[in-house]
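Okay, so here's the structure we're looking at.
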2 protein chains.
Amino acid sequence: MAVDRDRFKDLLKEKGFKMTRQRLVVLEVLAENPEQHLTAEEIYERVKVENPDIGLATVYRTVQLLLELELIDRINLDDGFIRYEIGSIEEKEHHRYHHLICMRCGKVSAFQDDMLEALESGVREALGFQVIDHEVKLYGYCKDCLEKEHK
Amino acid sequence: MAVDRDRFKDLLKEKGFKMTRQRLVVLEVLAENPEQHLTAEEIYERVKVENPDIGLATVYRTVQLLLELELIDRINLDDGFIRYEIGSIEEKEHHRYHHLICMRCGKVSAFQDDMLEALESGVREALGFQVIDHEVKLYGYCKDCLEKEHK
DNA sequence: GTCTTTGCAAATGATTTGCAATATA
DNA sequence: TATATTGCAAATCATTTGCAAAGAC
């Protein structure tokens with residue numbers, strides 16, 4: 001997934017930000033690793049390969065900016081790190097992926113499902129709460145770990 | 001919701017732990033504040049009222065112990081704090097509450113709903129992933145904030 | 001040239017840990 | 001008494017921030 005530089009630049013200008021090499025590179029790393037839920041440190045390591053003089057603080061600042069621009073999503077797997085991944089183009093309504101977290105090997109995978117629509121309208125009617133976004137985490141055992149266990 | 005001291009003591013002994021005043025008091029604070037999703041610091045403040053000589057580190061250690069004993073649940077609202085609440089007695093299958101988080105006032109409320117059962121069996125069949133537990137967070141605007149906005 | 005952004009190092013803040021003193025069984 | 005637990009203070013560690021230098025437009 002390649003980054004459209006001009007589009008990115010326009011998006012930045014629109015909000016009064018400037019286009020920099022650092023911002024582009026961070027976005028590119030995330031675009032090249034879809035569904036990889038990288039930590040800031042992991043992004044930093046990958047960015048440093050081609051840009052050894054970038055600072056970790058810049059990665060943190062950039063990631064917050066990209067979040068504001070809604071170009072990336074934030075995921076919290078409760079392991080002490082905040083993780084980031086590029087936002088899916090299909091996510092028109094700004095709905096996040098759901099995550100499957102394996103309790104044995106720690107592997108994380110994502111899937112999409114729209115069945116929460118029903119739940120959300122139910123919540124609106126029963127409790128008067130208007131749902132804008134949701135986050136679902138399913139904990140359990142992945143296919144590989146289940147198969148290993150059966151041997 | 002009162003704590004059954006003898007039951008708590010037995011549960012501790014079963015795993016080789018000892019019953020202490022501090023552990024009892026922390027559990028009691030959580031039992032007296034159901035669905036309140038307290039941070040360690042908040043638990044500490046409430047515990048200190050009657051036990052001024054307790055340490056914050058003890059609260060942190062106790063909360064981890066209670067988590068191991070599955071007497072309490074952990075909630076992460078992505079605001080930099082880990083929160084805890086007493087486990088519902090009805091939660092036979094160790095399923096957590098779902099949380100509604102207001103994006104305006106920050107209020108958090110909980111609700112229960114079993115509609116994820118269907119999603120979970122679907123995930124099992126389609127992806128071979130066996131779901132043990134789930135966590136759902138719905139972000140949006142609460143009733144009060146919606147009403148204020150309409151004025 | 002002006003204003004934003006960066007890199008570095010220092011600060012922050014929630015949580016954890018070492019250890020000697022204390023409490024439990 | 002033997003072992004687990006506590007309280008305190010110091011350590012940890014991800015993330016944030018101040019500031020002077022460098023970069024974007």
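Residue numbers start from 1 in every chain, and the chains themselves are labelled A, B, ... in the order their sequence lines are given, proteins ahead of strands. Only heavy atoms go into these numbers, but all of them, side chains included; no hydrogens, no water, no symmetry mates.
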Looking only at heavy atoms, what is the nearest atom pair of [X] and [Y], with distance?
X: Glu41(A); Y: Leu56(A); value: OE1-CD2, 3.9 Å
X: His99(A); Y: Phe111(A); value: N-CE2, 4.5 Å
X: Ala31(A); Y: Val3(A); value: CB-CG2, 3.7 Å

Given Cys105(A) and Cys142(A), is the side chain to side chain contact (heavy atoms under 4.5 Å, CB included) satisfied, shown in steps? CA-CA 8 Å; Cys105(A) 68; Cys142(A) 72; 3.9 Å; yes

Any carboxylate oxygen within less than 4.0 angstrom of a Lys/Arg side-chain nitrogen, looking at Arg74(A) and Asp78(B)? no

Just how far, in rounded Å, is [atom2] of [N] from [atom1] of [X]?
X: Asp78(A); N: dT15(C); atom1: CG; atom2: P; answer: 12 Å
X: Phe8(B); N: dA25(C); atom1: CZ; atom2: C1'; answer: 16 Å
X: Gln22(A); N: dT6(C); atom1: CD; atom2: P; answer: 5 Å
X: Asn51(A); N: dT5(C); atom1: CG; atom2: P; answer: 18 Å
X: Arg23(B); N: dT5(D); atom1: CZ; atom2: P; answer: 4 Å
X: Leu12(A); N: dT4(C); atom1: CG; atom2: C1'; answer: 12 Å
X: Lys48(A); N: dG7(C); atom1: NZ; atom2: C1'; answer: 13 Å
X: Lys13(B); N: dT24(C); atom1: NZ; atom2: C1'; answer: 11 Å

Please tabulate, one pair per line, each protein N/O and nucleotide N/O from nucleotides 14-16 of chain D that are separated by under 3.5 Å, including the distance.
residue : atom : partner  : partner atom : Å
dT15(D) : OP1  : Ile82(A) : N            : 2.9
dT15(D) : OP2  : Tyr60(A) : OH           : 2.5
dT15(D) : O5'  : Tyr60(A) : OH           : 3.4
dT16(D) : OP1  : Gln64(A) : OE1          : 3.4

Report the residue (Ile54(A) or Lys18(B)) whose heavy-atom-nearest nucleotide on DNA chain C is the more 5′ of the two.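 Nearer the 5' end of the strand: Ile54(A).
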
Output yes when a side-chain donor or acceptor of Lys137(B) lies under 3.5 Å from a complementary backbone atom of Asn76(B), and no otherwise.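 Between the backbone of Asn76(B) and the side chain of Lys137(B) there is a qualifying donor-acceptor contact (under 3.5 Å).
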
Between Gly16(B) and Arg21(B), the residue closer to the 5' end of DNA chain D by nearest nucleotide is Gly16(B)

Can a side chain N or O of Thr58(B) be found less than 4.0 Å away from OP1 or OP2 on dG7(D)? yes

side-chain N/O Thr20(A) vs dT4(C) OP1/OP2, d < 4.0 Å: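 Thr20(A) to dT4(C) OP1/OP2: no side-chain N or O under 4.0 Å.
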
Using the side chain to side chain donor-acceptor pair (under 3.5 Å) definition, which of the options Arg46(B), Glu42(B), Glu85(B) pairs with Asn33(B)? Arg46(B)

